[in-house]
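Scope of the values below: all heavy atoms of this structure, side chains included, with no hydrogens, waters or symmetry mates.
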Amino acid sequence: MRVSPALSLSFLLLASAARGQSDTPVTRTPVLMPTVVARYPHDRAAFTEGFQYLGSGVYAESTGIVGQSGVRRSVLKTGKVQVSAATPLATAFGEGVAVIGSTAYHLTWQDGVAFTFDAETLRETGQYRYTGEGWGLTTDGKQLIMSNGSPTLVWRDPKTFKVTRSVAVTDDGQPIKNLNELEYVQGSVYANVWLSDRIARIDPQSGKVTAWLDVSDITREASMQASRSGRPLTFDDVPNGIAYVPERGTLLITGKRWGTIFEVKVAGVKAETGVGGQGRVRR
């Protein structure tokens, strides 16, 4: 999510407060510190909205900003874009992306339309309508899981895009709003929380946050890199991008207009065998 052309002082203060709170979350839920094991180049122009590892060293990414929105396939080690496509609606703000089999699904923020593409060529193949906003998108390999900025996650049938179930996300009984980019990892949903340096690990059945990932150190590194390059991050260039690499049991973490993708180890995430396409385990 999001950027507004007219930012009020109160909104900027909100962003500052959210960052301050993220360093020391008031919660009894465990806080995990990821360990960086590798770094890869990332396009500083990419306002990242969706992020998924596809296997074989390739990832899918979607970007936002009207006029700059789209979907791309890129090589992890080099950042080279293999193929890209603009969000088909030129006036739309692009949002999350998720790949199931041969189909890539791409949300829009406020236009209520999701586009489908051939996952290899990124040729547009169709579209679906939905009600409300679109933010993040991931998949458990069978269904799509979507966020809309509220504390609610919804599951959608990939063939019809109809909602099949939903769950309210809470921590210590309190709703967690601003759920943004998503990733399904070994039975849990990981979610960036917009305007924060926290990633929620969520039980998809109960909606309870089972752990927080503190990525503030990674954010500071990305910010220092940007400042040294003469192009400092702005208030909304926040962490937003989680991708699971099953063969190594790692996560890829990036953010909006960050120059780096960080590969990290996280407690509880283990390497898997028998990995198929789209970074999922064959069943």
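- A side-chain contact (heavy atoms from CB on, under 4.5 Å) with L179 is found for one member of T152, N192, V169 and no other, namely V169.
- Below 30°, between 30° and 60°, or above 60°: for H106 and F117 the angle between ring planes is between 30° and 60°, a tilted geometry.
- I202 is not listed as a side-chain neighbour of L182, based on a closest heavy-atom distance of 4.5 Å or more.
- In this structure the side chain of I199 never reaches within 4.5 angstrom of the side chain of E183, judged on heavy atoms.
- Hydrophobic clustering (ILVMFWY, side-chain heavy atoms < 4.5 Å, transitive): V97 and Y190 are in distinct clusters.
- Rounding to the nearest 0.5 Å gives a distance of 3.0 Å between CD1 of I100 and OG1 of T139.
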Given ring pair (Phe, Tyr, Trp, His ring centres under 6.0 Å), test Y244 with Y53 step by step and report yes or no. CA-CA 6 Å; Y244 170 46; Y53 181 72; 8.7 Å; no
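- You'll find the side chain of E247 stays beyond 4.5 Å of the side chain of E272, heavy atoms only.
- What you find for V113 and Q127 is that their closest heavy atoms are CG2-OE1, 3.7 Å.
- Taken to the nearest 0.5 Å, the CD atom of E95 stands 7.5 Å off from the OG atom of S62.
- Taking the six-membered ring where the residue is Trp, Y130 and F161 present tilted rings, their angle falling between 30° and 60°.
- Remark: L144 CG to W155 CH2 distance equals 11.5 Å, nearest 0.5 Å.
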Kindly determine whether E61 and T48 satisfy side chain to side chain donor-acceptor pair (under 3.5 Å), including the steps that lead there. CA-CA 7 Å; E61 182 176 23; T48 304; 2.6 Å; yes
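- Atom-to-atom distance recorded for I218:CD1 and E221:CD is 8.0 Å, nearest 0.5 angstrom.
- In the model, T29 has a side-chain atom that pairs as donor or acceptor with a side-chain atom of D171 under 3.5 Å.
- A pairwise comparison of heavy atoms in V167 and P204 identifies CG1-O, 4.0 Å as the closest pair.
- Atom OG of residue S102 and atom CD of residue E120 lie 9.0 Å apart, to the nearest 0.5 angstrom.
- Note that CZ of R156 and CZ of R165 are 13.5 Å apart. Values are rounded to the nearest 0.5 Å.
- Taking 4.5 Å as the limit, some side-chain heavy atom of N178 sits within range of a side-chain heavy atom of W135.
- Under the salt bridge (Lys or Arg N to Asp or Glu O under 4.0 Å) test applied with E263, the options R248, K77, R39 reduce to a single match, R248.
- For T260 and Q225, the side-chain atoms include at least one donor-acceptor pair closer than 3.5 Å.
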If you apply the rule side chain to side chain donor-acceptor pair (under 3.5 Å), what do you find for Q143 with T164, and how did you get there? CA-CA 9 Å; Q143 295 195 74; T164 59; 2.5 Å; yes
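- The residues K256 and D236 are annotated as not salt-bridged, no charged nitrogen and carboxylate oxygen being separated by less than 4.0 angstrom.
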Would you check, one step at a time, whether the test side chain to side chain donor-acceptor pair (under 3.5 Å) holds for T219 with D197? CA-CA 7 Å; T219 302; D197 294 320; 3.0 Å; yes
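- The 12-atom threshold is exceeded at NZ of K265, counting heavy atoms of other residues, nucleotides or ligands nearer than 6.0 Å.
- When every heavy atom of V66 is checked against every heavy atom of A90, the shortest pair comes out as CG1-O, 3.8 Å.
- Nearest heavy atoms, E49 versus T63: CG-C, 3.9 Å.
- Note on K208 versus D203: no salt bridge recorded, every NZ/NE/NH1/NH2 to OD/OE distance being 4.0 Å or above.
- Side-chain contact between I261 and Y59 is present, with at least one heavy-atom pair separated by less than 4.5 Å.
- When every heavy atom of T103 is checked against every heavy atom of T116, the shortest pair comes out as CG2-CB, 3.9 Å.
- By the 4.5 Å heavy-atom criterion applied to side chains, V189 and I145 are counted as neighbours.
- Using a 4.5 Å heavy-atom cutoff, the side chains of F262 and T254 are not in contact.
- At a threshold of 4.5 Å between non-hydrogen side-chain atoms, the residues F93 and Q110 do not count as touching.
- Closest of all the heavy-atom pairs between L233 and S223 is CD1-CA, 3.7 Å.
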